[in-house]
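Here the structure is laid out as structure tokens; the discussion comes afterwards.
All figures in this text were calculated on a predicted structure; none of them were measured in a lab.
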Amino acid sequence: MKILCLHGNDHNAKILQSDLATFLSKLKELDIDLSFDFVDVPCCRFFETGKVGDIRSAHEWLENKLDQENCYDGVLAFSQSAALVSSFLLYRQWYDHELPPPFKFAIWISGNIPLQVLKDLGVTVSNEAEGAVAQARLHRDQGHGPSPAHTAKARRAVFNSDDCFGLNLNKLPLELKIRIPTVHVWGEKDPMFPGSVHLAGLCDPYIRKIHVHQGAHEVPRDGKDVTELASLVEWSIHRATWPGQTQL
């Protein structure tokens, strides 16, 4: 089973592989034949802005990569690359719904979904949702932790489909719900975590797992986090092979 591994903004494949070293070692204990393809992207980033044109250009890079390899079972994406992959999946489901998903499962660490993508796909994005992302960026840029208001609302936002940090998930068509098993990992000290909650909300809750670690915008390395992440990856692999899932 082959997993595509994509790094974050201004990082590279070597850095991501180093960050995941403890996790990869833990996975060797599983009775699963796994291989990981750590890939570099041009200029160490997938897109410069969150504008739809930049993101769609990055989708072309990903599509070419998938066409060349045509053999990935899953994807593990950190930070900006999670935004790339999740938005790619949504556009594919919306415009090319007759095609099978390019991955059987996805693991997103400190991921997000660009709100401009949702707007481009016809989703009504409230001022509250845009405000939550803007406030999160401000806290990040100022070197602060998460907004206290976001922290207080975190658990409710994860489970409240009417108000997921301003997104009303109940109004989304099924084509805009990611329908492969997904694992979502983020840090409780990450000011950008509302974006991770948005992404989790766009995935089928019946085949979705969430793990929140005590760190910030980073790959978790603590022993118990690594053990939990390995367990979640094992779950996603097994869930992806269920007969009903493979027919999607």
Q.
Under a 3.5 Å distance rule, please check whether Lys189 uses its side chain to pair with a backbone N or O of His217 as donor and acceptor.
A. no
Q. What are the two closest heavy atoms between Leu232 and Val183, and how far apart are they?
A. O-CG2, 3.6 Å
Q) Residues two or more places apart in sequence or in another chain: which of them pass side chain to side chain contact (heavy atoms under 4.5 Å, CB included) with His144? A) His139, Gln142
Q. Okay, side chain of Arg92, backbone of Leu99: is any donor-acceptor separation there less than 3.5 Å?
A. no
Q. Who passes ring pair (Phe, Tyr, Trp, His ring centres under 6.0 Å) against Trp61, sequence neighbours left out?
A. Phe46
Q) Once the angle between the rings of Tyr95 and Tyr91 is folded into 0 to 90°, is it parallel (under 30°), tilted (30 to 60°) or perpendicular (over 60°)? A) parallel
Q. Just checking, any donor-acceptor pair under 3.5 angstrom between side chains of Asp40 and Asn12?
A. no
Q: Would you check if the side chain of His150 reaches a backbone N or O of Phe193 as a donor-acceptor pair within less than 3.5 Å?
A: no
Q. Sub-3.5 Å donor-acceptor pair from the side chain of Ser81 to the main-chain atoms of His7, do we have one?
A. yes
Q. Between Thr227 (side chain) and Gly223 (backbone), is there a donor-acceptor pair under 3.5 Å?
A. yes
Q. Would you find a donor on one side and an acceptor on the other, under 3.5 Å apart, between the side chain of Asp120 and the backbone of Gln116?
A. no
Q: Give the cluster check for Val75 versus Ile178: same hydrophobic cluster or not, with ILVMFWY residues linked at side-chain heavy-atom distances below 4.5 Å.
A: yes
Q) Salt bridge check: are Asp163 and Lys153 linked by an N-O gap of less than 4.0 Å? A) yes
Q.
For Arg208 versus Trp235, what's the shortest heavy-atom pair and its separation?
A. N-CH2, 3.7 Å
Q: Indicate the ring-plane relationship of Phe103 and Tyr72, choosing parallel, tilted or perpendicular according to the 30° and 60° boundaries.
A: tilted
Q. Are Leu167 and Phe159 connected in the hydrophobic side-chain network, where two residues link if heavy atoms are under 4.5 Å apart?
A. no
Q.
Test your reading of the model: is there a side-chain donor-acceptor pair from Ser196 to the backbone of Gly111, 3.5 Å cut-off?
A. yes
Q. Does Gly8 offer a backbone N or O that forms a donor-acceptor pair with the side chain of Ser79 under 3.5 Å?
A. no
Q) Strictly by modelled atom types, are Glu175 and His97 linked by a side-chain donor-acceptor pair under 3.5 Å? A) no
Q.
Salt bridge or not between Arg179 and Asp204? Use side-chain N to carboxylate O under 4.0 Å.
A. no
Q | Residue pair Leu30 / Ala230: nearest heavy atoms and the distance that separates them | A | CD1-O, 4.0 Å
**Q.** Check: Leu4 main-chain N/O paired with Asp37 side-chain donor or acceptor under 3.5 Å
**A.** no
Q: Could you tell me which non-hydrogen atom of Ala136 sits nearest to which non-hydrogen atom of Pro191, and how far apart they are?
A: CB-O, 3.2 Å
Q: Using the rule that two of Ile, Leu, Val, Met, Phe, Trp, Tyr join whenever any of their side-chain heavy atoms come within less than 4.5 Å, decide whether Leu16 and Leu229 are in one cluster.
A: yes
Q: Of all the heavy-atom pairs spanning Val212 and Gly187, show the shortest one and how long it is.
A: CG1-C, 4.4 Å
Q.
With clusters defined by side-chain heavy atoms of hydrophobic residues (ILVMFWY) lying less than 4.5 Å apart, directly or transitively, does Val117 cluster with Leu169?
A. yes
**Q.** Joint cluster assignment, Trp108 & Leu202, ILVMFWY side-chain distance < 4.5 Å
**A.** yes
Q | Among Thr22, Ile109, Val226, the one residue meeting side-chain contact (heavy atoms from CB on, under 4.5 Å) with Pro220 | A | Ile109
Q: Evaluate the criterion side chain to side chain contact (heavy atoms under 4.5 Å, CB included) for residue pair Leu76 and Leu20; output intermediate values, then yes/no.
A: CA-CA 11 Å; Leu76 185 155; Leu20 288 168; 3.9 Å; yes
Q: Taking Ser18 for its side chain and Lys14 for its backbone only, find out whether a donor-acceptor pair lies under 3.5 Å.
A: no
